[in-house]
Each structure stands twice: as structure tokens, then as C-alpha cells.
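This report concerns only the one structure given below.
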Amino acid sequence: MPEPASFDPVAVLAERFRAAIARAFPEAADADPMITASRQANLGDFQSNAAMPLAKRLGKKPREIAEAIVRNADLGDVAEPLTKDSIAGPGFINLRLRADTLGALLSRLDSPDLGLPPVEHPQTVVVDLMGVNLAKQMHVGHLRSPIIGDALARTLERLGHRVIRQNHVGDWGLPIAMVTARLRRLAAAGTIDLSRITLDDLDRAYAAAQAECKRDLEGLAAARRFGQGPKALAELEEQVMGAEAAFAEARQTLVKLQAHDPETFAVWQRIADVTMQVCLATCERLHVNVTAEHSAGESSYAAELAPMVADLVSRGIAEESEGALVVRLEDPAYGGIKEPCIVRKTDGGFLYATTDVAAIRRRVQKLGADRLIYVIDARQNLHLRQVYGASLRAGYAINPRSGKPAEFQHAAFGMILGDDGRPFKTRTGDNVKLADLLEETVERAERAVAQRAGEREIPASERRAIAEAVGIAAIKHADLCNDRIKDYVFSFDRMLAFEGNTGPYLLYALVRIRSIFRNADAASQAAAPAATLALREAGEKSLGLALLRYPAVVRSVGESLEPHRLVQYLFDLASAFSAFYDACPVLKAETEALRQSRLRLCHLTARVLADGLGILGIPTLERM
RNA sequence: GCCCCCGUAGCUCAGAUGGAUAGAGCAACGGAUUUCUAAUCCGUUGGUCGCUGGUUCGAGUCCAGCCGGGGGCGCCA
């Protein structure tokens, strides 16, 4: 029997209760001890809810069961002695850890890995995140995927898994060919200089190319039907003819791109370089670990699509339907989805679903993924289930090493809304540029920092650095603190507030601890990490109990892919620290032993806070 | 029409495998400071958990049906 994680009071108590239940009711020795942290501190530190389900199973009164468990429990060295008074309500058993046990558990947690050694069986996890499109300015819609995706990737890395980030760049297909065609034409005419072009220019070119290719055939038909004048008709006809020409040019360009025609390809490459430069710079500013090596654009799959679809056809996985090729997914084994996955259009062209199936094939077959995580907005849910279902049916999603299907998880997220409850836009209804949003956040943070610096003098350069960290922490925290599936309302004021569950509050808690250590003498600093922990006061105890929860919380994020659980935990921890800080002097503690104990508690708290913020990808500070 | 998601305090939101009197933060009100950084802490006020049934000793949580909001649904990405 492996020793339960020795720092974890829940595991230790569960072990003792399991033994007690086995002694009291050998016929139910497998029952779950149901140990959880108490909701209210006045009732106890932990509780066991095991008596109620056991009562049902054994046909006895829950109160009697609880009494029998209490009689048979051997907790002497772990918790305060149990009595009849420990049993409350229908049969809850309340537990209070012994002060020395809490100290002992904490000193075990205070190890290099903070209770999170690398998992025994590491998985290869592919995280699909970011997903920018070429020639499109980054806006608020691009904020969530990198922030959430990076936090999840870091969580899994921290747990010891092998994580491969994949930035599935939208860099191929007819829309990109349209811009490429337009830019090539304008460059040839000398209207633009490709070497000096910016992403804003590309963004405008993209919109213009879309517009010029838009064939208003319905408009023309309607004009005829409603008997519009010959002049209006002629205008529309001309427009349609122009669009036909532009469309044809775009198709030709796509063919040239696919053939790697040097001149066309150079224009495309320029578009890619300009876009990715902005994308990667944004990631860097956001402290998001996505770099050039994580890019896996749609273009990188282009050559694989035709052979892959041929494979699907030859094995009878794809079938023809109304001229298109589809993979049917009605079978529950493939998701039980009514809508089939279309992998080839009637005109022979491939779709984004085709590329996404190819991506799963590469991720599982070549990269060895055991687990596929998509950090993409919630609207893509059906599409992703279709693509995964098709890959499953084709066998592409079966990991060749384990022989098992790679686990599929859509870490879906909601929209960012303005304070009117509608999608976040500028007053004029345009998308908010991501770079502008970050800049405004940091500027507001800088004003707040200056305002709160008080009499402390902070050099301008450091003030700027503090504002940068505070602003980025605020924006990332705001994105991570709620259940990701929900929409949230963007508010500078709320995220930059220094009260409540905000990024600045968490940074401040850490800064206060670091400040204590700056004020401590060298001898204390050196001795603190090994001091004997003695937790007597309420503030110390609740901080200690909060610290012990850390590893379980990180593991739960690894499973649920819900970073807000860690954010909520860090807020609880920071709150517990703040209450401790208020009530328990550290450097001015009454005795040297107490001073050392509290210093160690501070040291451990700082390590957990920093580790947790690191997992979330939130930058920290020494001073603010 | 079918499918997915959401609905909890005035506001913003937590509530894992069903467990005690549903919790935070903000706002409002009242306290604490010769500060180890008050960007803090302590307290008070505030709820028909969208509605109705069902399962259960026990439902915010599970099931069914409604209501309200958002999104998606064969050849756009």
C-alpha cells in the first residue's frame, strides 16, 4: 500500500478513517471516508461525511455509524481527540488538526517541488492555442486563447507532462490568396511598398480584397426582379463582373501559392512575417510562452490533404454525399453527431475541417499526443467534435504507442463583453486593437502606481516596470478568474482595483512578504527555511491550512482545465496571508522561535504564491 | 426544427464526485493605522439558487419538462 501524500491532511485523515471503518464494519471496508475541508472554521478544520452513505448501505442509523467510527478511529497523533461532541447533525464527524501536526505537514510540503513531484506516467499533451489569422489585426477576440491556453500548458508542464503548444495559424486558403493577389497587384503597380508594410495596412488590404471579391449576385437578381433602372442594373452587372475577375485572380494565386511560385510565395511570406511579428510580440508582452517554434500553420498541412482524403475514401471512411465527401458520425463511438464532417467540397476543394483532421493526425501519429486540448472559443464546439469524431473513425486519433485514442478536450471559453453586455467594441463599433488595449491597461496601472506610491520614491524606470507587471497581471487575472465557459464583462476599473480578487491584490500580497525578507537580518533569512513551525494563533493556522491545499488544487486544474480554481485558491491564500500579516507580527514577534516560525511560514507562502502565479503565467514583482 | 452553453445577493462571480444555516469580492454602513508597503484587516446589512415536477435520509448540484438569454447546425474559416 503506497503511503498517501504525506503532506496532505485529507489523505492522512482518509487513511485513518478507512482503517477505522474497516475495524468497525469489516463488511464495508471499501467505503469512501469522505474527508473534506470544513466549510466553517468554527466547526473544525476537516470533516468526514462517511456515516450517511454507510448508514444507508448497512441499514443502520447514521448517528450510530458515526459513533462506531469515532470509537475505532486512531487519530491521536494527527487530530484533537474525538468525542461524542465531534459528531454533529445527521452524522458529520468534525476534526481539528493538532497544532504540531499542522506544522509537521507544512514542513513536508516545504520541499523543492511544493508537494507536486512529476507525475509517474507523463502524458504527451498537445495544446492548441492562439490561432491567429494572417493579415488580420489582433483584437480583443485574440486575448483569451493565449492567456487560458498558456496557463493550461504551464499547469500540465508543472505536473510533469510533456506539453507541445501548437499555434494553428490561419495562413492558407482562398481568403489569404485574395489578399496576396491584391497586394501583388498593388506592389507591381507601385502603389505600395511591401518592405514597409504594417499589419494595419494588411488588415485594410484584407478587408478590401474581401470586398472586391464579393459577388453581389443576389443583389443583381433582386434588382432585375424589382425592375430597377438600366443604369443601376449596369452598375451592378459591372460590379459582379469585377468581382468575378478578382475572384478568378485569387483562385489563380492560390494555385500559384500551392506550386510555390517564387514571386507569389514571396508576397505571402511577407504577409506571414509581418503578421507573426506582431503576434509573437504580443505574446511576449503578455508573458505567454508562444514563440515561432510553436507555429503550425494551415499551410503546413496543405500537401497532406489530398493523400489523406484519398486514404479516407479508399478505406470507405469518407463517402460521397450530394457531390461532397463526408465522414458520417452518427455512431455513438464517433460522437453520435447528426451533422457529418465534410472533408471535400463538391468543387474538389478542401475545408478547414480537412486541415483540422490532418492536424489531429500529425499531433497523434507524429507528435505522439495522448491528450488533445483545444483552447478555442465555445462556438467551435460542434466543429471540433466533428473533426475529432472523424479522426477517431479514421484511426488517426489512435495513439500508436498506447494503442488508445488520444483524449479530446475542448477548453471552450466565452466572449469578452463591453459594459453594455454586448461584444466588446469601441464607441464607433470597431474591434479594439489588442495592442491598444494592453497599452491603455498599463497606462492606467501606471497612474494608479504613481498615486499609491505615497512618500516612497520609485525611480521612473522601475515605476514603468511595475505598471507593466501590474497591468498585465490585471488583464490576465481578469481573464482567468471566472469559469472560462462564461462570457465576462471587461472593466479596467474592476481589474485594476486593489481590493478583492484582482491581479494587483495577489501581487501585493507577494510584495509584502518579500518586503519582510528585505527587512530581516541575514541570519534570520538564512535560518528561516529550516525553522521549526509552531502555529498557535488563528491567523497562523488558517494560513497553514490554506497552504496545504495547494497541490490538490493544481492537480484539479490539470484535470478540469479550469484555471479559475487556482486563481480562487491564490486569492484565498493571499487573503489568509493578509489576515495573518495583520494579526501576527513577524519580525517583531515576542520570541526568537516564534519569529523564525513565522518567517518560515512567510517563506513558504511566498513560494506557493510565486509558483501558482507562475503556473498562471502572471508576472510578479519585488516592490510596488 | 434539432444540438450546445448560460441563468445564484443591488453589481461581478465562486460553489469537484449530491451533504450541516448557499459563500466571496464590489457597492452601502461601522470600526482598526506612531505600517514588517493601509494597494490592508475586522464587523454589519443584503438570497423564493429562472420556474414546475421527480429521484434521495438529504438537491444550487442529478433527471424530465417549461421560461428567459447567447451560440451553433453539408460544401466560409
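Just so it is clear: chains get the letters A, B, ... in the order the sequence lines come, proteins before strands, and each one is counted from 1.
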Whole angstrom is fine here: how far is it from [atom1] in [X] over to [atom2] in [N]?
{"X": "A:L621", "N": "B:rU37", "atom1": "CG", "atom2": "C1'", "answer": "13 Å"}
{"X": "A:R623", "N": "B:rU37", "atom1": "CZ", "atom2": "C1'", "answer": "10 Å"}
{"X": "A:L174", "N": "B:rA77", "atom1": "CG", "atom2": "C1'", "answer": "11 Å"}

### Query
When you match A:F571 and A:G173 each to their closest nucleotide on RNA chain B, which lands nearer the 5' end?
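By nearest-heavy-atom nucleotide position, the 5'-most residue is A:F571.
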Roughly how many Å apart are [M] and [N], using the [atom1] atom of each and rounding to a whole number?
{"N": "B:rU61", "M": "B:rG19", "atom1": "P", "answer": "10 Å"}
{"N": "B:rG18", "M": "B:rC62", "atom1": "P", "answer": "9 Å"}
{"N": "B:rU8", "M": "B:rU44", "atom1": "C1'", "answer": "22 Å"}
{"N": "B:rG23", "M": "B:rU56", "atom1": "P", "answer": "27 Å"}
{"N": "B:rC66", "M": "B:rG7", "atom1": "C1'", "answer": "14 Å"}

### Task
Treat primed atoms plus P, OP1 and OP2 as sugar-phosphate and everything else as base, then score nucleotides 11-23 of chain B 5' to 3': B for base contact with protein heavy atoms under 4.0 Å, S for sugar-phosphate contact only, - for none.
-SSSSB--BB---
### Heavy atoms of other groups near A:R422 CZ, more than 12 under 6.0 Å
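At most 12 heavy atoms, drawn from other residues, nucleotides or ligands, come within 6.0 Å of this atom.
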### Task
Please check the phosphate of B:rC41 (OP1 and OP2 only) for any side-chain N or O of A:Y505 closer than 4.0 Å.
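Yes, such a contact exists.
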### Task
Decide, yes or no, whether a salt bridge links A:D30 with A:R57 under the criterion of side-chain N to carboxylate O below 4.0 Å.
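Judged by the 4.0 Å cut-off on N to carboxylate O distance, A:D30 and A:R57 do form a salt bridge.
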### Query
Ion pair present between A:R328 and A:E319, side-chain N to carboxylate O less than 4.0 angstrom?
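Looking at A:R328 and A:E319, the cut-off is met.
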### Query
Closest approach of A:V343 and A:T354, non-hydrogen atoms and distance?
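Heavy-atom minimum between the residues: O-OG1, 2.8 Å.
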### Message
Base, sugar-phosphate or nothing for A:S578? Non-hydrogen atoms, less than 4.0 Å.
### Response
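A:S578: backbone/sugar contact only, no base atoms under 4.0 Å.
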### Task
Determine the contact category for A:Y581: base if any of its heavy atoms lies under 4.0 Å from a base atom, sugar-phosphate if only primed atoms, P, OP1 or OP2 are that close, otherwise nothing.
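Contact class for A:Y581: base.
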### Query
Can you check whether A:Y488 reaches A:I416 side chain to side chain, under 4.5 Å on heavy atoms?
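A:Y488 vs A:I416: side chains touch.
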### Task
Side-chain contact test, heavy atoms from C-beta onward, threshold under 4.5 Å: evaluate it for A:V449 versus A:M624 and give yes or no.
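No, too far: nothing below the 4.5 Å cut-off.
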#### Entry: Where at least one partner belongs to residues 472-493 of chain A, residue pairs that pass salt bridge (Lys or Arg N to Asp or Glu O under 4.0 Å), sequence neighbours excluded
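Listed by first then second residue: A:R144-A:D479, A:R444-A:D493.
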### Query
Pairs in or reaching into residues 585-603 of chain A: which pass salt bridge (Lys or Arg N to Asp or Glu O under 4.0 Å), with residues at least two apart or in two chains?
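Applying salt bridge (Lys or Arg N to Asp or Glu O under 4.0 Å) to every pair that reaches into residues 585-603 of chain A, excluding sequence neighbours, yields A:D110-A:R600, A:D521-A:R595, A:E537-A:R598, A:E540-A:R598, A:E592-A:R595.
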### Task
Measure up the A:Y301 and A:H168 rings against each other and bin them: parallel (under 30°), tilted (30 to 60°), perpendicular (over 60°).
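Ring orientation of A:Y301 relative to A:H168: tilted.
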## Note on the structure
Output field dot_bracket for RNA chain B (Watson-Crick or G-U, both distances under 3.5 Å, | for other-strand pairs) contains (((((((..((((.....[...)))).(((((.......))))).....(((((..]....))))))))))))....
### Query
What pairs meet the ring-ring contact (aromatic ring centres under 6.0 Å, His included) rule with one or both residues in residues 340-360 of chain A, with sequence neighbours excluded?
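For residues 340-360 of chain A, and leaving out neighbouring residues, the ring-ring contact (aromatic ring centres under 6.0 Å, His included) pairs sorted by first residue read A:Y352-A:H383.
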### Query
When you check the side-chain N and O atoms of A:H564 and A:N482, is any donor under 3.5 Å from an acceptor?
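Side chains of A:H564 and A:N482: no pair found under 3.5 Å.
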I'd like a table of atom pairs between the protein and nucleotides 71-75 of chain B - only N or O on both sides, under 3.5 Å - with the distance next to each one.
residue	atom	partner	partner atom	Å
B:rC73	O2'	A:E339	OE2	3.1
B:rC75	O2	A:T346	N	2.5
B:rC75	O2	A:T346	OG1	2.9
B:rC75	N3	A:T346	OG1	2.4
B:rC75	N4	A:E322	O	2.3

